[in-house]
Amino acid sequence: MAVQVGLKFEDLDMPEEELRSLHNWLMSDPAARRHARPSLASSQELPPGAQGDVIDIISLILGNGFAAASLMVSLASWRASRSQTSRITIELPDGRSIVISQNSTDTTALLDSLTDETENRDDSPS
């Protein structure tokens, strides 16, 4: 069963460029492309008459083949390729958020949360 998470940058005024970079990075990763289905999206509803979406989130549908550890490796590799790195907020399906920063100790919490979500959905009846 799949789990949908969102990746956002909370500490940037204009996060679209960084989101596009991370999206391209994930799309170039064969495992992410095959199992995670990353897509650029908007978390906001547009006001009437507005033209175009504001891209402020990467939506990832994580399948069983793309484990939480693989996501962490991809995020760490992308962050290492950047001269400046922002905090990445990962929004989990249950409404919780985990922030990954330069000095983050939440990577274990993220792995545990995503693993629990995937296992719970795998155990649920279809």
Side-chain angles (χ1 to χ4, degrees):
M1 191 64 146
V3 174
Q4 184 169 1
V5 299
L7 306 177
K8 297 176 87 171
F9 294 103
E10 300 289 341
D11 57 346
L12 296 176
D13 292 331
M14 301 292 291
E16 188 171 338
E17 184 178 329
E18 290 295 289
L19 285 168
R20 287 187 184 281
S21 172
L22 179 53
H23 178 261
N24 289 338
W25 185 273
L26 290 169
M27 290 301 292
S28 70
D29 179 342
R33 204 173 49 247
R34 187 171 42 255
H35 299 291
R37 294 183 293 190
S39 63
L40 293 167
S42 177
S43 65
Q44 306 168 30
E45 197 169 309
L46 289 176
Q51 295 180 356
D53 287 339
V54 173
I55 294 172
D56 63 352
I57 192 166
I58 294 177
S59 177
L60 281 172
I61 299 174
L62 303 176
N64 294 338
F66 193 73
S70 297
L71 175 59
M72 292 308 303
V73 168
S74 290
L75 292 176
S77 298
W78 176 80
R79 287 173 58 85
S81 75
R82 311 299 289 171
S83 60
Q84 269 187 324
T85 55
S86 298
R87 294 178 298 150
I88 300 172
T89 300
I90 301 172
E91 298 176 339
L92 302 172
D94 64 4
R96 290 179 297 142
S97 295
I98 296 175
V99 177
I100 305 299
S101 64
Q102 196 68 15
N103 302 319
S104 181
T105 58
D106 284 343
T107 54
T108 302
L110 173 65
L111 292 173
D112 291 343
S113 295
L114 290 176
T115 302
D116 290 344
E117 279 291 331
T118 303
E119 287 172 359
N120 290 339
R121 291 182 189 252
D122 287 345
D123 293 340
S124 63
S126 299

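Scope of the values below: all heavy atoms of this structure, side chains included, with no hydrogens, waters or symmetry mates.
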Heavy-atom closest contact ([X] atom, [Y] atom, distance):
{"X": "Leu19", "Y": "Asp56", "answer": "CD1-C, 3.2 Å"}
{"X": "Pro38", "Y": "Ala32", "answer": "CD-O, 3.6 Å"}
{"X": "Ile100", "Y": "Arg79", "answer": "O-NH1, 3.8 Å"}
{"X": "Ile57", "Y": "Gly6", "answer": "CD1-CA, 3.8 Å"}
{"X": "Trp25", "Y": "Ser74", "answer": "NE1-O, 3.4 Å"}
{"X": "Arg87", "Y": "Phe9", "answer": "O-CD2, 3.5 Å"}

Q.
As a quick check of understanding, evaluate side-chain contact (heavy atoms from CB on, under 4.5 Å) for Glu18 and Trp78, giving each step before the final call.
A. CA-CA 10 Å; Glu18 290 295 289; Trp78 176 80; 3.4 Å; yes
Q) Are Leu92 and Val3 close enough, and set up right, to give a side-chain contact (heavy atoms from CB on, under 4.5 Å), and what steps lead you there? A) CA-CA 9 Å; Leu92 302 172; Val3 174; over 6 Å; no
Taking atom [atom1] of [X] and atom [atom2] of [Y], what is their separation to the nearest 0.5 Å?
{"X": "Leu26", "Y": "Ser70", "atom1": "CG", "atom2": "OG", "answer": "11.5 Å"}
{"X": "His23", "Y": "Glu16", "atom1": "NE2", "atom2": "CD", "answer": "12.0 Å"}
{"X": "Leu7", "Y": "Leu22", "atom1": "CG", "atom2": "CG", "answer": "6.0 Å"}

Flag the pair [X] / [Y] as yes when at least one side-chain heavy-atom distance between them is below 4.5 Å, and no otherwise.
{"X": "Leu40", "Y": "Ile58", "value": "yes"}
{"X": "Ile55", "Y": "Ser42", "value": "no"}
{"X": "Ser21", "Y": "Arg82", "value": "yes"}

Q: Would you check if the side chain of Ser77 reaches a backbone N or O of Val73 as a donor-acceptor pair within less than 3.5 Å?
A: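 Checking the backbone N and O of Val73 against the side chain of Ser77, a donor-acceptor pair under 3.5 Å is found.
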